[in-house]
Structures are given as structure tokens and as C-alpha cells.
Amino acid sequence: MRTLIHNARVLTMNDNFEEFEKGWLAILDKEIQGRGVGDTHDAFSQFDDVIDAGGDLIMPGMVNTHCHMPMTVFRGLGEDVDERLFRYILPLEREAVTPDVVRIGAQLAAVEMILSGVTTTADMYYYEQEVGRVIDASGMRGIVGQSLADFDAPDHMSFDEGFALTDDLRDEFQGNDRVMASIAPHAPYSTGPAIMERVARYVTDYPDIRVQMHLAEMKSEMKWCADHHNCRPVGLADKSGLLKPGAIMAHCLELTPDEIVVLAERGVGVAHNARSNAKAGRGIAPVEAMRNSGVPVGLATDGPMSGNALDIIAQMAPASMFAKLLGGSRKCLPARDIIAMATIEGAKVLGLSGTIGSLDAGKKADVIRVSLEEPRMNPIYDIYASLVFSANASDVRDVMIDGKWVVTGREVVTIETPKAIRDANQIAAMFRLKMARIDADA
């Protein structure tokens, strides 16, 4: 199948940040064949599908470097309750999170992400095989991580069972072009150094398996490390051998300059969750310091319980604004850097920059079409700034992943959207009853 998209504003996100005001993009089956600028009418006959973009923006699909997809069913629950994690979330997870609940929550998340132009995600949760199956069926690309934790996880009673689930995940998706298995120790405080060392040995035995973990996220984590191990989380993770090249560390708020150097030297990538961090009152991550030291940083949503929205566009302005607040200058984390973090740099964090993240010939055809017709998007002096500070998720019109259209005219073609919403609301009704019981018992 040969597809030509023409009469487009093309944002390549390649090494030279090439842009084409009136450009075209050629796609052959699953891969980008070429892109350029100028009149292509004489080449129309060479293509099976010719699409006039009408001046819309064509750019690489966005990358969400850290998510908990099934937690859409928890979105908005107990927002104003200080102790909601221990009062509601953990009890509900232990009692009510099943493979069906995970599948339903992941389907709603996939719909939301695809509609907003997210074509690749890194996920970590429980019953992660179900998440991988949803990602596969949706047409998305994803790294799926089996979570390991010591707080009565819904799918494993022991770490041995958690590692066995990781084996099952690895076996199921081995050889899958779009879905890759990973292992996800929840955090230093919820696993401990012995389990982190075991994870490090696991990924040494299976080098195709990535590590995902929350790291240096909050003050209580710092205190736990100091009290129990007389060190800081980065040092504990490093001593455990977990900071391997390609490891994906989420949050990384509490970092010293020396720890940033350690992350860079170890080849670790960081998932930056700007909205989630701020909503929890946990602070501002030193993103510019990390990037200046050579640590790749990608944008992320965190789970829908923590950050609510799963579109990367909603992360862009906060990420830039918080960096400007931290640095006291408009110059900090400029718009072009933010779009890089949403695309090619996010792909680098996930170890996928050789295949996705920019519109280069030979890369996978993960492409989105963004409308520029809304009044708030005009005039355009700087397309990067317009995307960061003016765009909404609803501006994404069409989405292609692996050379196949998964969204056309704002309609998802791989998942039945109304059913995904209905199913999630049924789960929410069950949760409300259980929450009422918890409140009555309290």
C-alpha cells in the first residue's frame, strides 16, 4: 500500500528539525518512504491513496513514556480526600481489580490516547498481559511492564509469583512488532534492595526486557531510604544494579547534581510527569539539568488517577511553564524542546528512536494529522509554540500507526468507543458501592 499525504505542513522532528510549509509525506506499507516540499501532482498515479491535508500539520505520533492505563476506572475518585490512597485505592485494588477490570480500563485509556495523537506508550500495572492485548488490538505501540510490589498487589501474593507473571508476559509478546514486555518494580520503598537486585539479574538474563520504576518521586521516599539504608533512592537503585542502559525511571523529582550525572552515565531515561507531580504537590523536576547532562527526558501522563488526562498535549504547557518557574526565565525549556520530548526524545527514553519519533525515511509510519484551523491556533509565528501553548487534544484529526489508519475524522476504528465508555462506567458504579461500604465501616 502506497500512501501520499500532500498539501501539508510537515514537522519532521529529525536531527535538523526540518519543516516543510507545503510539504508531502510518502508511506510504503508500514514505513515512511520519503518527505519533501513542492508540487507532487505528477506522482499521484504512483500511489494507492492520495490525501490532501488541506494545510493541516503532519507530525510524528506522540510518545507517553509512563502510564497506568487500567486506572482510568479510578479517575476522579476521592480527589478531595487526603488519605484516598489508603482509604479507597489500595482496598479497591485488592478486592476489585481483576483481569476484566484491567482490560476495560485499558481499553478506555487506549481510546483516549489514540484520539489525542499518542501512538506509543510505556505502561506498568497488574495483569499486564491484558494491557498488552488491548494495546495490540488497538493498533498502538507499547512497552508493558508487570508491576512488582509488596503491598498486597491484586495479581500476586509473593515476588516469586510476580516474576512468574513477568515470564508469562515475556513469552506472550516475544516477537511482537508493536508490544514489548518489561519488568516494573514499583519503587525502592515498595520492593527493597534484594528485589531490585533480583530484577537487575533478570534483565541481565533477558536483555530484551526493559526496567520501569518510580524513582526519587517524593519526600517520604527520601526519608524511607535514609532511615532504612542510610542513602538516597538513586544511590540505592544504583547499588542494586538497576540503573542499566535503557532503564525507564519515572518522576525523578528529588535529584542532586551528582545523581543526575549518575543517571546520565548509566544511560537511564526519565519519564517526566509534569501535571501529576504538580497535582500531588511534590515539586518540579530538574528537567533542564537532566537534559543538559545528557539524560533523555520524555513527557508522560502518569496514571489517570494521578494526572487525570492521558493526552501528551495536555502535558506540554505545564512542563514548559514549570521549568520557567524553576529557572526564573522565559528561555527555560523552549517550545521546540517540549515537542522533541513528546516525540523523538520520548522515543529515545523507550529505546525506540531508531524506529519511531521522527518522519525519517525507513522509520515506522506512526503519523498524526493536527488541524490548524481553530482561531486559537492562529496566527502561527512558531509552530512549536502554537502546539505547546494553544493546541488541544481535540485538534488531532487522523492517526496512523504502523502504516494503518487507527483514527479517521476523530473516529477510532480499532476499538468501539461507546462500549469502552459504557464498560468503564459500569466498573465505576461497582466502585461507588464499595466506597460507600468503606465509608460506612469507617
Side-chain angles (χ1 to χ4, degrees), residues 9 11 13 17 19 56-57 59-67 75-76 79 112-121 250-253 270-292 296-304 306-347 349 357 368-397 399:
R9 184 164 189 159
L11 203 61
M13 299 313 298
F17 292 95
E19 304 174 42
D56 285 346
L57 178 70
M59 64 178 286
M62 285 176 270
V63 179
N64 184 354
T65 57
H66 178 67
C67 191
R75 176 162 38 205
E79 288 286 9
E112 182 181 353
M113 283 197 279
I114 293 171
L115 276 173
S116 67
V118 174
T119 55
T120 301
T121 190
H251 299 290
C252 292
L253 287 151
V270 170
H272 176 46
N273 305 267
R275 279 171 54 112
S276 171
N277 294 340
K279 186 165 171 261
R282 288 178 178 150
I284 301 174
V287 174
E288 284 208 306
M290 287 190 281
R291 296 180 76 243
N292 290 340
V297 181
L299 296 184
T301 63
D302 206 353
S306 302
N308 297 76
L310 294 183
D311 64 284
I312 289 299
I313 292 174
Q315 304 296 323
M316 292 178 178
S320 182
M321 291 173 183
F322 297 156
K324 295 177 194 315
L325 284 171
L326 190 65
S329 170
R330 279 184 169 274
K331 295 180 180 179
C332 297
L333 212 52
R336 192 177 79 171
D337 289 9
I338 293 289
I339 301 302
M341 291 166 64
T343 54
I344 187 62
E345 194 166 340
V349 170
I368 64 174
R369 176 180 175 182
V370 182
S371 172
L372 302 177
E373 66 183 12
E374 290 293 330
R376 60 181 151 71
M377 292 296 290
N378 291 278
I380 298 174
Y381 294 100
D382 176 344
I383 188 61
Y384 301 101
S386 295
L387 286 170
V388 170
F389 298 111
S390 299
N392 288 337
S394 60
D395 294 323
V396 177
R397 181 172 293 179
V399 178

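All values derive from a computational prediction rather than experimental measurement. Residues take their numbers from the sequence shown, with the count starting at 1.
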*Is there a donor-acceptor pair under 3.5 Å between the side chain of Asn273 and the backbone N or O of Asp302?*
yes
*asked:* I want to check something: taking the side chain as every heavy atom from C-beta on, are Tyr384 and Met316 in contact at a cut-off of under 4.5 Å?
replied: no
_Pair Asp311, Ser116: side-chain N/O donor-acceptor within cut-off below 3.5 Å_ = no
_For Arg330, salt bridge (Lys or Arg N to Asp or Glu O under 4.0 Å) partners two or more places apart_ = none
*Supply the atom-to-atom distance His251 NE2 to His272 NE2, rounded to the nearest 0.5 angstrom.*
10.5 Å
_Straight-line distance of Leu372 CG to Ile380 CD1, nearest 0.5 Å_ = 4.5 Å
*Please report the closest heavy-atom contact between Thr65 and Ala271, naming both atoms and the distance.*
OG1-CB, 3.1 Å
*Hey, is the main chain of Leu333 close enough, under 3.5 Å, to the side chain of Asp337 for a donor-acceptor pair?*
no
*Val388 versus Ala335, closest heavy-atom pair with distance*: CG2-O, 3.7 Å
*Rounded to the nearest 0.5 Å, how far apart are CZ of Arg397 and CG of Leu115?*
14.0 Å
*Is there side-chain contact between Val396 and Ile313, with heavy atoms separated by less than 4.5 Å?*
yes
*Side chain proximity check, Ile312 to Thr301, heavy atoms < 4.5 angstrom*: yes
_Phe389 side, atom CZ; Ile338 side, atom CD1 - distance, nearest 0.5 Å_ = 7.5 Å
*Note, Lys331 side chain near Glu288 side chain (heavy atom, < 4.5 Å)*: no
*Does some side-chain heavy atom of Leu387 sit less than 4.5 Å from a side-chain heavy atom of Leu11?*
yes
*asked:* Is there a side-chain contact between Arg376 and Asp395 in this structure, where contact means two heavy atoms from C-beta onward sitting under 4.5 Å apart?
replied: yes
_Less than 4.5 Å apart, side chain to side chain, heavy atoms only: is that true for Val118 and Leu310?_
no
*Side-chain donor-acceptor pair under 3.5 Å between Asn392 and Glu374, yes or no?*
no
_Check whether Arg282 reaches the backbone of Asn277 with its side chain - one donor and one acceptor, N or O, closer than 3.5 Å._
no
*asked:* Return the CE to CE distance between Met62 and Met13, rounded to the nearest 0.5 Å.
replied: 11.0 Å
_Cys332 versus Ala323, closest heavy-atom pair with distance_ = CB-O, 3.6 Å
*Is any side-chain heavy atom of Arg291 less than 4.5 Å from a side-chain heavy atom of Glu345?*
yes
*Quick one: does Gln315's side chain have a donor or acceptor within less than 3.5 Å of a partner on Leu299's backbone?*
no
*Chi angles and distances behind the salt bridge (charged side-chain N to carboxylate O under 4.0 Å, His left out) call for Glu19, Arg336*: CA-CA 12 Å; Glu19 304 174 42; Arg336 192 177 79 171; over 6 Å; no
*Over all heavy atoms of both residues, which pair between Cys252 and Met290 is shortest? Give the atoms and the distance, please.*
O-CE, 4.2 Å
*Any chance you could measure Met113, atom CE, to Thr121, atom OG1, to the nearest 0.5 Å?*
4.0 Å
